There are 2 protein chains.
Amino acid sequence: MSESATHRAHDVVLRHIEDSLRSGTLKLGDRLPGERALAEQFGISRASVRDAIRSLEVMGIVRSATGSGPNSGTIVVSDPSSALGVALRMHVASSGLPLKDVVEARMMMETWSLEHAAAAPWTPEQLDDARRLLDAMEDDALPSQIFTLLDAQFHVALSALAGNVVVSTMMESMREAIRGYIDDAVLRRGGWDDVVHVLREQHRGIFSAVEAREGELASRLVREHIEWFYHQTL
Amino acid sequence: MSESATHRAHDVVLRHIEDSLRSGTLKLGDRLPGERALAEQFGISRASVRDAIRSLEVMGIVRSATGSGPNSGTIVVSDPSSALGVALRMHVASSGLPLKDVVEARMMMETWSLEHAAAAPWTPEQLDDARRLLDAMEDDALPSQIFTLLDAQFHVALSALAGNVVVSTMMESMREAIRGYIDDAVLRRGGWDDVVHVLREQHRGIFSAVEAREGELASRLVREHIEWFYHQTL
DNA sequence: CCGAAACATGTGGTCGGACCTCATGACACC
DNA sequence: GGTGTCATGAGGTCCGACCACATGTTTCGG
């Protein structure tokens with residue numbers, strides 16, 4: 001923002017794209033010019049253009065695909081959650097961010113979300129997403145990895161009711177980042193059948209509280225839910 | 001996690017580094033082999049290796065520098081906040097994430113942090129960081145851009161007392177992402193001299209509450225502080 | 001006339017080799 | 001012993017080529 005330092009070759013295209021995004025010249029769903037065209041336009045090599053686009057791709061700003069037609073090329077998307085999720089996972093892997101703090105942060109966001117969901121203007125249709133996931137998790141034949149996946153989606157769906165995209169995104173990315181650790185911990189622990197019954201009951205309780213718009217109750221239940229599961233496994 | 005799909009050339013490097021990080025073979029401060037060496041080791045081109053390293057750099061996992069000596073080459077670091085900050089800023093620019101939600105999320109994290117800071121085991125030295133920033137902001141000659149920078153650091157320093165690295169990191173990155181917008185809004189509004197007096201007073205009140213470990217009061221004050229400033233400018 | 005197979009086109013993905021800038025440490029020279 | 005020069009090796013940039021892929025077009029057989 002402050003120092004320009006446009007001397008780095010790949011920065012010029014990065015800045016140009018950010019400016020275009022900010023000014024509205026480039027918006028969600030638009031296609032960027034081809035890498036070769038951008039290279040010529042800015043007078044830099046295609047490698048540097050690729051460098052910049054790669055950065056945007058890692059951030060979840062654009063998506064690149066080979067081939068031709070409307071689905072090919074580099075397209076402006078908005079996929080912050082998976083991008084942040086990967087980054088978070090890497091930082092947890094490198095011990096830069098303690099897993100304990102990730103779980104704690106997730107609990108903060110989820111309790112906040114459910115509290116605020118009580119007063120938020122969501123429609124019954126939005127709640128149905130969560131209900132479908134709740135029903136899907138009743139299947140006894142579900143492997144634990146699939147269950148935890150649905151579990152994550154259930155929590156995200158409920159939290160989304162609060163209406164804050166940033167909080168939902170961060171929650172989703174944190175869940176994505178720790179999914180691998182959870183699956184490992186579940187397999188290492190064993191006795192999944194006993195655990196899953198408790199989880200189902202807790203989920204139903206949380207869902208009912210949200211449905212009744214009892215924010216404080218929902219918040220307390222989800223806190224107990226996460227704390228219980230955390231101490232059971234990790 | 002699910003499909004391996006190591007057919008992408010740059011993914012093999014990415015996976016290898018993540019595994020090395022997870023197993024401890026690679027730790028903070030270590031230097032990666034040179035790009036040419038990695039290329040030969042995995043039997044891929046240097047361009048693909050650069051692609052992978054670039055991804056890690058964007059995530060704040062490594063840092064690359066030219067030259068020779070201990071500060072050169074690619075080194076494992078942990079800089080999630082600036083990495084997330086840039087990504088967040090881009091998403092706000094592309095309207096993928098509403099600024100309002102970012103501010104709201106920041107308020108959630110900060111109130112949570114100050115509440116928990118009351119019971120956290122921080123030392124007086126940690127509080128001194130915030131105190132120094134508080135004193136520095138007393139300077140009347142400070143341009144608004146510098147003030148907001150110190151302001152951001154002050155808030156991060158206080159929040160860090162809660163002891164949760166993930167929350168601190170996210171707060172810092174959100175503040176970084178919206179800094180440009182705040183500076184613009186302040187300049188557009190004018191009358192900075194009137195605003196800054198109120199801000200100083202609010203900061204002192206928040207600091208005192210934290211120092212006295214009155215979590216609830218600190219939390220309330222910081223909420224009012226953020227809400228007031230938000231309505232004054234944006 | 002129509003459907004299907006072959007082809008042309010343009011995209012990102014990969015490659016390898018070249019040259020540049022830069023920070024450092026070693027070495028020769030005062 | 002201090003100092004300036006140079007060799008070294010790292011990342012940064014560029015070029016030009018080729019590959020894999022998805023699509024749109026053309027062509028050919030029925």
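Small disclaimer: the values here were computed from a predicted structure and weren't measured. Every chain is numbered from 1, with letters handed out A, B, ... down the list of sequences.
- A nucleotide of DNA chain C counts as in contact with chain A when one of its atoms lies under 4.0 Å from a heavy atom; the first and last such, 5' to 3', are C:dG10 to C:dT14.
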Pairs of donor and acceptor atoms involving the side chains of residues 51-60 of chain A, under 3.5 Å and at least two apart or interchain, shall be tabulated with distances.
from	atom 1	to	atom 2	distance (Å)
A:D51	OD1	B:R54	NE	3.4
A:D51	OD2	A:H10	ND1	3.4
A:R54	NE	B:D51	OD1	3.4
A:R54	NE	B:S55	OG	3.0
A:R54	NH2	B:H10	NE2	3.4
A:R54	NH2	B:S55	OG	2.9
A:S55	OG	A:D51	O	3.1
A:S55	OG	B:R54	NE	3.1
A:S55	OG	B:R54	NH2	3.0

Side-chain donor/acceptor pairs under 3.5 Å, residues 130-138 of chain A, sequence neighbours excluded:
from	atom 1	to	atom 2	distance (Å)
A:R131	NE	A:D128	OD1	3.4
A:R131	NH2	A:E211	OE2	3.4
A:R132	NH2	A:D129	OD1	2.7
A:E138	OE2	A:R204	NH1	2.6

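- Evaluation of the ring-ring contact (aromatic ring centres under 6.0 Å, His included) test over residues 52-106 of chain A, restricted to residues two or more places apart or in two chains, returns none.
- Residue pairs satisfying the ring-ring contact (aromatic ring centres under 6.0 Å, His included) criterion with at least one member in residues 92-113 of chain B, sequence neighbours excluded, are listed as follows: B:W112-B:H116.
- Two end axes, each from the C1' atoms of five base pairs, can be drawn for the helix from C:dC1-D:dG30 to C:dC30-D:dG1; they diverge by 20°, to 10 degrees.
- Contacts classified as side chain to side chain donor-acceptor pair (under 3.5 Å) and involving residues 65-77 of chain A (residues at least two apart or in different chains) are given here: A:S64-A:T74.
- Note that NE2 of B:H155 is 5.0 Å distant from CD of B:E110, once rounded to the nearest 0.5 Å.
- Within the structure, salt bridge (charged side-chain N to carboxylate O under 4.0 Å, His left out) pairs that include any residue of residues 37-48 of chain A comprise A:E35-A:R46 (at least two apart or interchain).
- Checked against side-chain hydrogen bond (donor to acceptor under 3.5 Å, both in side chains), B:S82 has the following partners two or more places apart in sequence or in another chain: B:D79.
- The ring-ring contact (aromatic ring centres under 6.0 Å, His included) pairs that include a residue from residues 34-82 of chain A are A:H16-A:F42, where partners are two or more places apart or lie in different chains.
- Within the structure, every pair that satisfies the side chain to side chain donor-acceptor pair (under 3.5 Å) test and touches residues 156-174 of chain A, not counting sequence neighbours, is listed here: A:N164-B:E104.
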Checklist entry - With the sugar-phosphate defined as primed atoms, P, OP1 and OP2, and the base as all remaining atoms, what B/S/- string results for nucleotides 2-15 of chain D, 5' to 3', for protein heavy atoms under 4.0 Å? => result -------BBBBBBS
